[in-house]
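Read through the structure below, which is laid out as structure tokens, and then see the notes.
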Amino acid sequence: MSDDPRMSGARAAPKRRIRLSWSDPAFRAIVWQIVIAGVVVAIGWYLFSNTNRNLSARRIATGFGFLDRVAGIPIGESLISYNPAEDTYGRALWIGVLNTLKVAVIGVVLATLLGTVIGIGRLSSNWLMAKLTAFYVETIRDIPLLLQLLFWYTMLQGLPAPRQSWRIGDAVFLSNRGIKVPYLIWETAHTWAFYGFVAGTIGTFLWNRRANAAQERTGIRPAVWPVGLAAMLGLPLAIWGIMGAPMAWELPVLRGFNFQGGGTVSPEYFALLAGLVLYTAGYIAEIVRSGIQAIAVGQWEAAGALGLRRGAILRHIVLPQALRVIIPPMTSQYLNLTKNSSLAVAIGFQDVVSIANTTLNQTGQAVEGIAVIMAVYLTISLSISLFMNWYNARIALVGR
Amino acid sequence: MSDAAVARKIPTIGAVAWLRANLFGSWVSTAITLALGYIVLRVGIAFVDWAFVNAIWHVPYSKTGIAETAVCQNTKGTGACWAVIVDKYRLILFGRFPYDEQWRPAVVIVLFVALFALSTIRAVWRKGTTARWVQRVALAGAGLIVLDNAVDLLLIVASVGFGVHISDPLAPVLEMLNTIGKCGLVFGLLLLWPAIGVWVATLAVIFMLMSGGILGLSVVPVDYWGGLPITLILATFGLAFAFPLAVLVALGRRSTQMPAVKTLCVVYVELIRGVPLISVLFMASVMFPLFMPPGINIDKLLRAQIAVILFAAAYLAEVVRGGLQALPKGQTEAADALGLTYWQKTGFIILPQALRLVIPPLVNTFIGFFKDTSLVLIIGIFDLLTMGKVALSDPPWQSFSTEVYVFLAFIYILFCYGMSRYSRGLERELNSARGR
């Protein structure tokens with residue numbers, strides 16, 4: 001910088017002092033900021049004092065003390081044990097958070113898979129495939145999600161009663177009480193097999209890194225997939241076999257008017273998941289399509305000239321580049337799916353919004369209830385954003 | 001034509017060639033075509049059977065006026081019962097608006113559609129022939145109102161002059177001034193910025209048609225509004241108010257001189273975008289009453305409207321900010337060099353270019369919010385979707401939700417598809433302009 005001959009002898013700009021005059025932009029900026037901040041603070045204080053006065057007039061205590069009181073909210077499905085007669089509002093809300101996450105995580109995975117398939121389908125050289133997927137994307141994105149959820153929910157309600165349920169053998173039953181599936185009776189062997197799977201995954205990851213290093217050194221890449229198969233599938237299976245290979249299923253059995261035993265996918269959960277996945281997949285498909293189209297045709301042609309097959313080109317050349325275009329809008333779709341899962345309240349799936357809504361109706365703690373909802377979603381949104389930003393930075397093009 | 005094609009006498013143009021290229025190009029493609037074709041045919045035939053061939057359009061009514069849906073129950077699953085729509089379409093479209101006055105919401109729907117259609121015409125936004133035409137109509141309208149009021153004034157003056165006793169001669173004059181003031185605002189806007197004036201005037205007429213109370217229209221309280229007009233009002237008024245707010249927030253977020261304002265805007269946008277619309281609507285329905293001083297009660301629809309505005313503004317602000325960022329820095333610097341003030345620079349140089357860049361994403365955001373207005377169902381406002389559910393709560397029709405949902409979906413698709421077609425056309429136009 002200082003080598004530049006044009007810069008020699010140049011002086012730093014004199015430091016400007018703020019004049020107390022309206023004609024000085026810096027001074028004006030300060031005055032305006034004070035005015036705007038003052039107005040915002042005044043409005044905030046006004047609303048706050050009104051709220052306090054109204055709350056005291058209605059004899060509603062403020063604060064989060066209600067979280068320790070016994071909730072008494074019946075909750076249909078929960079990932080952790082819950083007893084409405086004993087457990088607190090805090091635990092009920094925590095169940096709601098877990099239910100939200102259950103929908104969001106599974107929804108994001110399924111929507112990504114379906115969306116990617118449809119997005120690639122839109123670029124298919126098969127005319128029928130391209131038109132059908134385009135029709136799907138156009139239609140599904142033009143119907144409000146809430147309407148779709150209500151539709152799926154009433155469709156599931158219209159299924160036959162448990163006695164006349166549709167069945168696959170004696171194991172899977174589909175009725176208006178949801179989908180009943182056999183439940184694996186979990187034993188220590190399964191837990192150990194799971195640990196084996198985790199260890200195998202880490203091992204495969206490390207072996208992959210060694211293979212990369214070997215390729216860098218010698219140009220020959222040691223095979224990864226046999227090691228991966230052995231570590232991720234063989235190891236858990238071996239552990240499970242050594243420990244006696246327990247495999248007992250609890251089958252759902254029809255007793256009276258409903259089923260006993262087995263695992264359940266409730267109609268509420270299924271309708272919510274189906275609606276969210278089908279809707280979000282329409283958006284993801286568009287993102288994937290435009291991401292792939294953003295890659296210049298020359299990349300395809302060059303890879304083809306090197307003798308790669310179409311699938312290999314897509315996997316090794318196009319998708320890694322397309323991901324850079326895809327990741328940012330995909331992040332906002334994941335966030336949308338998570339936020340849209342709050343529509344659960346309309347079809348009676350007990351996510352955090354639904355339970356917080358019941359809580360604020362029972363206790364009258366409107367401010368705290370909504371604060372809980374907002375805090376939960378802000379935390380989830382922020383976590384997803386941070387993770388996706390980290391991933392985006394990892395795969396970003398490294399410039400000079 | 002390749003040698004192989006010549007040798008095997010395969011046509012390379014025409015229908016057969018098209019089929020070979022696009023449907024039966026390879027074994028995989030042929031398999032996909034056959035499988036998909038089979039599914040499409042089966043589903044298509046089943047749908048046509050259900051929706052048209054076996055559909056029932058009318059059902060008999062009992063003497064007490066209750067629909068007898070036994071016919072429909074028999075064909076359930078094989079034929080649609082469109083009789084539910086025939087019976088309920090006015091309830092679904094217009095809500096509980098007084099039956100004899102339902103031409104008013106019908107006109108409102110037409111006005112909304114006309115307003116959208118008019119706004120897609122570029123000429124309206126330019127100061128060209130159309131704008132001059134609007135200005136002439138505005139002048140004529142203003143002239144008529146002034147004339148009307150002048151005649152009234154003359155009559156009053158004359159009657160006072162002839163000794164007729166008027167208890168409060170000032171009251172009619174004040175009312176007149178009030179009318180002239182309001183009309184003057186609208187006509188002034190029409191003259192200055194025809195496009196914005198058309199929007200303000202149409203929205204004012206829509207509001208008058210819905211609420212009544214003037215020109216001999218009976219007053220209809222907000223509680224009786226419902227159906228499609230509510231959806232259109234929430235979406236249109238929401239965006240009309242959210243957009244200016246969004247521009248201010250986007251400018252604030254880009255501000256370099258005012259860190260406090262920038263922080264405020266960032267917090268606002270990120271906070272709203274981090275939470276679901278439902279939570280903001282809940283806030284409007286249960287928390288907003290707590291915010292107000294005792295005795296002041298704001299209508300539920302207005303509260304929901306404010307929530308939609310605040311929510312939409314945060315999303316629109318991000319779209320607008322995208323446009324501001326895409327503008328080369330030279331534009332700002334050149335404007336500064338010319339000695340323009342901040343608002344001159346923003347209004348004449350920055351915004352016209354930045355907004356033009358983001359019209360397609362803006363329209364996409366509009367589509368999103370048009371659909372999202374259906375969420376007011378959860379806080380009990382009678383929009384289109386809620387009215388559909390209300391129609392389904394009538395005992396004879398309870399089991400025909402599919403038909404009602406299909407009808408509602410059709411209406412939403414009509415509006416959203418229209419907007420997305422427009423947005424895609426714009427995008428193509430902008431891209432081709434940029435390519436030159």
Side-chain angles (χ1 to χ4, degrees), chain A residues 25-26 29-30 32-34 36-37 40 46-48 50-51 53-55 57-58 124-130 132 138-139 141-148 150-151 154-155 157-158 335 338-343 345-346 353 356-357 360-361 366-367 369-370 373-374 377-378 380-382 385, chain B residues 18-19 21-23 25-26 28-29 32-33 36-37 40 252 255 257-261 264 270-271 273-280 282-283 286-287 289-294 342 367 370-375 377-378 385 388-389 392 399 401-402 405-406 408-409 412-417 420:
Chain A
I30 291 171
W32 277 121
Q33 284 185 82
I34 292 172
I36 292 172
V40 171
Y46 175 72
L47 297 180
F48 180 73
N50 276 335
T51 311
R53 198 179 326 141
N54 285 325
L55 285 177
R58 292 177 202 186
S124 165
S125 56
N126 184 304
W127 181 85
L128 194 59
M129 183 73 149
L132 266 184
E138 288 301 320
T139 322
R141 297 197 310 166
D142 282 351
I143 305 172
L145 176 60
L146 187 55
L147 177 56
Q148 295 187 33
L150 291 174
F151 176 79
T154 38
M155 284 302 246
Q157 294 285 298
L335 290 175
T338 311
K339 285 183 279 172
N340 282 336
S341 72
S342 61
L343 296 183
V345 67
V353 173
N357 193 28
L360 72 88
N361 283 335
V367 182
I370 288 169
I373 298 178
M374 291 192 158
Y377 279 99
L378 279 176
I380 297 176
S381 300
L382 217 62
S385 299
Chain B
W18 185 89
L19 283 176
N22 293 309
L23 290 177
S26 63
V28 180
S29 185
I32 291 174
T33 305
L36 284 181
V40 168
S255 161
Q257 285 205 316
M258 302 196 189
V261 173
L264 262 178
E270 295 306 327
L271 197 70
R273 277 163 41 96
V275 300
L277 175 55
I278 290 266
S279 62
V280 182
F282 272 146
M283 211 166 145
V286 294
M287 239 162 102
L290 293 175
F291 285 161
M292 290 292 109
Y342 177 79
I367 297 175
F370 184 79
K371 287 182 295 173
D372 278 352
T373 55
S374 60
L375 264 60
L377 173 128
I378 292 162
L385 185 54
K389 283 203 88 176
L392 283 173
S399 55
S401 55
T402 309
Y405 289 150
V406 167
L408 294 179
Y412 277 109
I413 288 175
L414 224 59
F415 278 93
C416 294
Y417 186 68
S420 70

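Sequence lines set the chain letters: A, B, ... in the order given, protein chains first and strands last, and positions in each chain run from 1.
Neither the backbone nor the side chain of B:L277 comes within less than 4.5 Å of any heavy atom of chain A. Both the backbone and the side chain of A:I143 come within contact range of chain B, each with at least one heavy atom under 4.5 Å from a heavy atom of that chain. Both the backbone and the side chain of A:L150 come within less than 4.5 Å of a heavy atom in chain B. For B:L408, the parts lying near chain A are the backbone and the side chain together; criterion is any non-hydrogen pair under 4.5 Å. For chain B, the nearby part of A:S125 is the backbone; its heavy atoms alone come within less than 4.5 Å. Contacts of A:V345 with chain B are made by side-chain atoms alone, with heavy-atom separations under 4.5 Å and no backbone atom involved. Residue B:S401 touches chain A through its side chain alone, counting heavy-atom pairs closer than 4.5 Å. Within the 4.5 angstrom heavy-atom criterion, only side-chain atoms of A:L132, from C-beta onward, approach chain B. Contact of B:L36 with chain A is made through backbone and side chain together, with heavy-atom distances under 4.5 Å. Neither the backbone nor the side chain of B:T373 comes within less than 4.5 Å of any heavy atom of chain A. Only the side chain of A:I373 comes within contact range of chain B, with heavy atoms under 4.5 Å apart. Proximity to chain B is limited to the side chain of A:E138, based on heavy atoms less than 4.5 angstrom apart. Heavy atoms closer than 4.5 Å to chain B are found nowhere in A:N361, neither backbone nor side chain.
For the atom pair CG (B:L375) and CG (A:N340), the distance works out to 8.0 Å, reported to the nearest 0.5 Å. Remark: A:I30 CD1 to B:Q257 CD distance equals 9.5 Å, nearest 0.5 Å. Atom CG of A:L378 and atom OG of B:S279 lie 8.5 Å apart (nearest 0.5 Å). Taken to the nearest 0.5 Å, the CG atom of A:D142 stands 12.5 Å off from the CZ atom of B:F415. The distance from atom OG of A:S342 to atom CD1 of B:I378, rounded to the nearest 0.5 Å, is 7.0 Å.
Contact detail for B:F291 and A:N54: the closest heavy-atom pair is N-ND2, 4.4 Å. Of all heavy-atom pairs between A:S381 and B:G274, the closest is OG-O, 3.0 Å. Contact detail for B:M287 and A:A366: the closest heavy-atom pair is SD-O, 4.2 Å. Closest approach of B:G37 and A:L128 over heavy atoms only: N-CD2, 3.5 Å. The minimum heavy-atom distance linking A:F151 with B:Y405 is given by the pair CA-CD1, 3.8 Å.
Listed by chain and number, the residues in a side chain to side chain donor-acceptor pair (under 3.5 Å) with B:E270 are B:R253 (sequence neighbours excluded).
Remark: the backbone N or O of A:L146 is not paired with any side-chain donor or acceptor of B:K371 at under 3.5 angstrom. Panel note: side chain A:Q33, backbone B:A260; a donor-acceptor pair is recorded below 3.5 Å. Between the A:K339 side chain and the B:I278 main chain, no donor and acceptor come within less than 3.5 Å of each other.
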